[in-house]
Amino acid sequence: MLSSYPVGGKFGKYGGKYIPETLEPAVQKLEDAYEKYRNDPDFQKELNYYLTEYAGRPTPLYFAKNLTESAGGAKIYLKREDLLHGGAHKTNNTLGQALLAKRMGKKRIIAETGAGQHGVGTAIACSVLGLSGEVYMGSKDVERQKLNVFRMQLLGTKVHSVDSGSQTLKDAINEAIRDWISNVQTTYYLIGSVVGPHPYPMMVRDFQSVIGNEVRQEMLQRYGSLPSAIVACVGGGSNAMGSFYPFLDDSSVRLIGVEAGGQGLKTGKHSATLCAGSEGVLHGMFTYLLQDKQGQVIDTHSVSAGLDYPGVGPEHSMLKDVKRAEYVSCTDDEAIDAFVALSRLEGIIPALESSHAISHAVKMAKEMDRDEIIIVTLSGRGDKDVQVVQEYLAKRGKKRARK
Amino acid sequence: MAGRKEAALVCYVVAGYPDMKATEEAVDLLVAGGADIIELGIPFSDPIADGPTIQQASNAALQAGVTPEKAMQLAKRIRKKHPALPILFMTYSNILVHAGFEQFLEKSKQSGVDGFILPDMPVEEAGQYSALAEKQGLATVFLASPNTSKERLQKIIDRSSGFMYLVSVFGITGARKSFEGYTQDAIKRSKKLAAGKLPVGVGFGISKPEHARFMVGAGADAIIVGSAIVNKISNGKTAELKALAASLKKACRK
Ligand SMILES: Cc1ncc(COP(=O)(O)O)c(C=O)c1O
């Protein structure tokens, strides 16, 4: 059964622990601690307390009637992770890992962030649980997500701007790993997606599976059946993995991951790792990567900082190869259109990341029967993106006027 | 190297930084100064075990168009000039994984390289790599760190050939001002287990003769110097490499 992976730290041939030796004891301790607490009633009770009382779970499963009518096909439901405290699904994972770090006796937390959402999620968890947080963020992302930088600082977390490499998420992870190597005895590395060495991809998936578990339970309660399809955007792949995992063994449910097609797969300016990548090793894992002929990891592009990553979680790589999940891409333009459409039709401003999933779900719905149900994981809210979208629309308007 | 009266000096340079000719020249100077082994770095886009000095050099080399293929051509030229000099490639796993272990190791062997150091390749993931390297007669140097358990040290020693590479500190590469006692403890622990099997090389942060003496005093069979050399090259002081190597080598004599 697919849900029984990882086996020996691997998802088929993907995953593993390609790490410098200095980190090996830390990763082993983390694995042991997670094994101990994942089924510990006290730990689960505490996590559940924070997820419900503090972060607002369960999140609604909302029937997007207007969007559905406009698409003219299958019914589209939105799993509203945008309403989770912090404004994105990231809080599910940061609360889980921060509680684990606390039980492990670690007081210093480091994290990486792209869009800033995981950084904010980490800052929130550190603040409420009394931990000290430091977040690495590429200097390009610091520039395009200024608001989130200030939010992190406001929450009491220090933000380190990373100038190396492509100055985005990939380099923020490199720098966080370097910090971890240097401070391994005191520091907990709180990874923000289903990436990195084992046990991170499994652990982050488990913490995010609350999304899919709630969807499943609610579908069965309300309709007595499972949905036809689940659609989620894929950067590192955590909101998608958390949505997919509880359905892995239900072959009737189609699982669709939507990657960032940027300016189009043919232009090379995209972040569609599973659609256009090849196998390799990055950030401690064997997985699909965007790389050149020599095995150098290449610069990616997406209008959404949270999807701008040249790797992807190893479990997705396995699901692609065995064809249990389908992976597609959606361009910047299409995502922006979905961002505007959902705002106008439903009064919901989605994150640009999530807009990729919305766009593809609308395309799918048109081809499906009216009594079928598509679940879209609305992974976050778009307040952080309004400035980027405003500038994008202004530029696009000018370009179109010229034509 | 084990059993000799002096420790070996291992010197690291980034292939093609600032250009191929300059690297060749640097190697000549280091060897003239007393370097016993040369580590040739093949630049990788995401060097997670490296500090700013080597990051910048790797990045510059990549910008200048250095490829693994070109690094092999450089190795060939160095091999021709220094027939008995041990040359090791140091790079990250993906460079080999992407090309395919078999092909990459075979080509490296043909270019005259003697072995590999891969800082993100732990023994658990090394099955195919080790087997194919052995087939080619290439050394596989695995790394250990001050927090490596005795049990793992044993595995690392068993899997390593040439020498084992003890990372001196909790940290990444980069010239350091000083070291603490835990480094010497780690050297002694490694030496105890490796005795009679494999020399123990110690590296990361070593920049001065006194550091070399500190490591050799605790029993190191080799010291490995990287960032201090790359710093000289970055600062346009390549000509000083011979003197730097000579001073480090002097400190290696017990
Ligand atoms: C709202 C939102 N959705 C999705 C992502 C992508 O992450 P993942 O693929 O791990 O869900 C991010 C990352 O920053 C995000 O902020």
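Every chain is numbered from 1 and lettered A, B, ... according to where its sequence line falls, protein lines coming before strand lines. These figures come from a predicted structure and were not determined experimentally.
Among residues 26-35 of chain A, no residue has any heavy atom closer than 4.5 Å to a heavy atom of chain B. Within residues 171-183 of chain B, the residues having any heavy atom under 4.5 Å from a heavy atom of chain A are, by residue number, Gly171(B), Ile172(B). Residues of residues 87-103 of chain B placed with any heavy atom under 4.5 Å of a heavy atom in chain A are listed by number as Ser93(B), Asn94(B), Ile95(B), Val97(B), His98(B).
For chain A, no part of Leu118(B) is nearby; none of its heavy atoms comes within less than 4.5 Å. For Asn147(B), the parts sitting under 4.5 Å from any heavy atom of chain A are the backbone and the side chain alike.
For residues 52-71 of chain B, the pairs satisfying salt bridge (Lys or Arg N to Asp or Glu O under 4.0 Å) are Glu69(B)-Lys107(B), with sequence neighbours left out.
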Can you list the steps and then say if Glu124(B) with Lys17(A) is a side chain to side chain contact (heavy atoms under 4.5 Å, CB included)? CA-CA 8 Å; Glu124(B) 285 79 5; Lys17(A) 291 181 185 173; over 6 Å; no
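In this structure a side-chain-to-backbone donor-acceptor pair under 3.5 Å is missing from Thr22(A) to Ser145(B).
Annotation for Glu134(B): atom CD does not count as buried by contact number, only 12 or fewer foreign heavy atoms lying within 6.0 Å. Within a 6.0 Å sphere centred on NZ of Lys102(A), heavy atoms belonging to other residues, nucleotides or ligands number more than 12.
Proximity of Gln296(A) to Leu62(B): side-chain heavy atoms (C-beta onward) are separated by under 4.5 Å at one or more points. Inter-residue side-chain proximity for Pro20(A) and Leu143(B) is flagged as unmet; no heavy-atom pair is nearer than 4.5 Å.
In plain terms, the two heavy atoms of Phe44(B) and Val281(A) that are nearest each other are CZ-O, 4.4 Å. In this structure, Arg178(A) and Pro47(B) approach most closely via the heavy-atom pair NH2-O, 2.8 Å.
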